[in-house]
Amino acid sequence: MIRLEDIDEGNWREPLSVHEHQRHFVSDRASLLARAWAYRNQNSRARMICVDGVPVGMLLYYDWAEGGEYVFSQLFIDKRWQGRGFGEQAARLALEEMRADGRYDRVCLCYVEGDEPARRLYEKLGFVHTGCVDEDEVIMVLEHLS
């Protein structure tokens, strides 16, 4: 069973990483944690993705009050656990947490241009392209979260 757990002093050092060829597209564990700290005043939620108690990945989202939306900032599954649907399941759980929180009805995210697995995943979850690109990051949005 997949669950999201808070990242804390007991689990933040889990040795999770992606394949070498994915590093251009995905932040590593340290970058995710640094971003969570940087956005702590925007209610950042750094979450460990666990399957039957085993850490398999991490994700991060936070509030963006100025935009009236959540920012789904980071998501990655460790290279040993990829290809099993855990990324999609974890993203759905994160979106459920955002719905339950209820502050915003919209979620935005971006992915690095060329990361086709990310694009397919986010489109499957209902995200659509905004037409905006920030450097090499394609911006997507999910409207009507609730």
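A donor-acceptor contact closer than 3.5 angstrom links the side chains of Glu66 and Trp64. Side-chain contact, Tyr61 with Glu97: a donor N or O sits under 3.5 Å from an acceptor N or O.
Side-chain contact between Arg80 and Leu16: present, with at least one pair of heavy atoms (C-beta onward) separated by less than 4.5 Å. Side-chain contact between Phe127 and Leu109 is present, with at least one heavy-atom pair separated by less than 4.5 Å. With a 4.5 Å cut-off on side-chain heavy atoms, Asp28 and Ser17 do not count as touching. The closest side-chain heavy-atom distance from Arg103 to Asn43 is below 4.5 Å. Counting heavy atoms from C-beta on, the side chains of Arg120 and Lys124 never come closer than 4.5 Å. In this structure, the side chains of Val128 and Met140 stay at 4.5 Å or more apart for every pair of heavy atoms. You'll find the side chain of Arg40 stays beyond 4.5 Å of the side chain of Tyr62, heavy atoms only. A heavy-atom distance below 4.5 Å is not found between the side chains of Glu137 and Glu113.
A salt bridge does not link Lys79 with Glu20: every distance from a Lys NZ or Arg NE/NH1/NH2 to an Asp or Glu carboxylate oxygen is 4.0 Å or more. Using a 4.0 Å cut-off between charged side-chain N and carboxylate O, Arg47 and Asp6 make a salt bridge. A salt bridge is defined here as a Lys NZ or Arg NE, NH1 or NH2 lying under 4.0 Å from an Asp or Glu carboxylate O, and Arg3 with Asp52 fails to meet this definition. Salt bridge Arg119/Glu123: present, at least one basic N to carboxylate O contact under 4.0 Å.
Residue Phe25 is tested with Val112, Val18, Asp136 for a side-chain contact (heavy atoms from CB on, under 4.5 Å); the sole match is Val112.
Side chain of Gln82 to backbone of Ile77: a donor-acceptor contact under 3.5 angstrom is found. Under a 3.5 Å cut-off, the side chain of Asp8 and the backbone N or O of Gly10 do form a donor-acceptor pair.
Gly68 and Arg106 make their closest contact through O-CB, 4.3 Å (heavy atoms, listed as atom of the first residue, atom of the second, distance). When all heavy atoms of Ala91 and Leu125 are compared, the pair lying nearest together is CB-CD1, 3.5 Å. In plain terms, the two heavy atoms of Leu59 and Ala90 that are nearest each other are CD2-O, 3.8 Å. Shown here for Ser27 and Phe76, the closest heavy-atom pair between the two residues is O-CD2, 3.8 Å. The nearest pair of heavy atoms linking Asn11 to Ile7 is OD1-CA, 3.3 Å. The minimum heavy-atom distance linking Ser73 with Arg35 is given by the pair OG-CD, 3.0 Å.
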(request) Step by step, work out the side-chain contact (heavy atoms from CB on, under 4.5 Å) result for Cys50 and Met1. (result) CA-CA 8 Å; Cys50 296; Met1 172 167 206; over 6 Å; no

(request) Test Arg92 against Glu88 for salt bridge (charged side-chain N to carboxylate O under 4.0 Å, His left out), laying out the working first. (result) CA-CA 6 Å; Arg92 289 186 187 282; Glu88 180 181 347; 2.9 Å; yes

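The hydrophobic clustering, which links ILVMFWY residues whose side-chain heavy atoms are closer than 4.5 Å, places Phe72 and Leu145 together. Under a hydrophobic-cluster definition in which Ile, Leu, Val, Met, Phe, Trp and Tyr are linked whenever side-chain heavy atoms come within less than 4.5 Å, directly or via other members, Val54 and Leu93 are assigned to the same cluster. Val56 and Leu60 are assigned to two separate hydrophobic clusters, defined by single-linkage of ILVMFWY side chains at heavy-atom distances under 4.5 Å. Criterion: ILVMFWY side-chain heavy atoms under 4.5 Å apart, direct or through other members. Under it, Met48 and Leu4 are not part of a common hydrophobic cluster. Under a hydrophobic clustering in which Ile, Leu, Val, Met, Phe, Trp and Tyr are joined whenever their side-chain heavy atoms come within less than 4.5 Å, directly or via other members, Leu32 and Val107 fall into different clusters.
The CD atom of Gln74 sits 13.5 Å away from the CZ atom of Arg29 when rounded to the nearest 0.5 Å. Separation of atoms CE (Met58) and CG (Asp78) is listed at 11.0 Å; rounding is to 0.5 Å.
The number of heavy atoms from other shown groups lying within 6.0 Å of CD (Glu135) does not exceed 12.
Using a 30° and 60° split on the angle between ring planes, Tyr104 and Tyr70 fall in the perpendicular class, above 60°.
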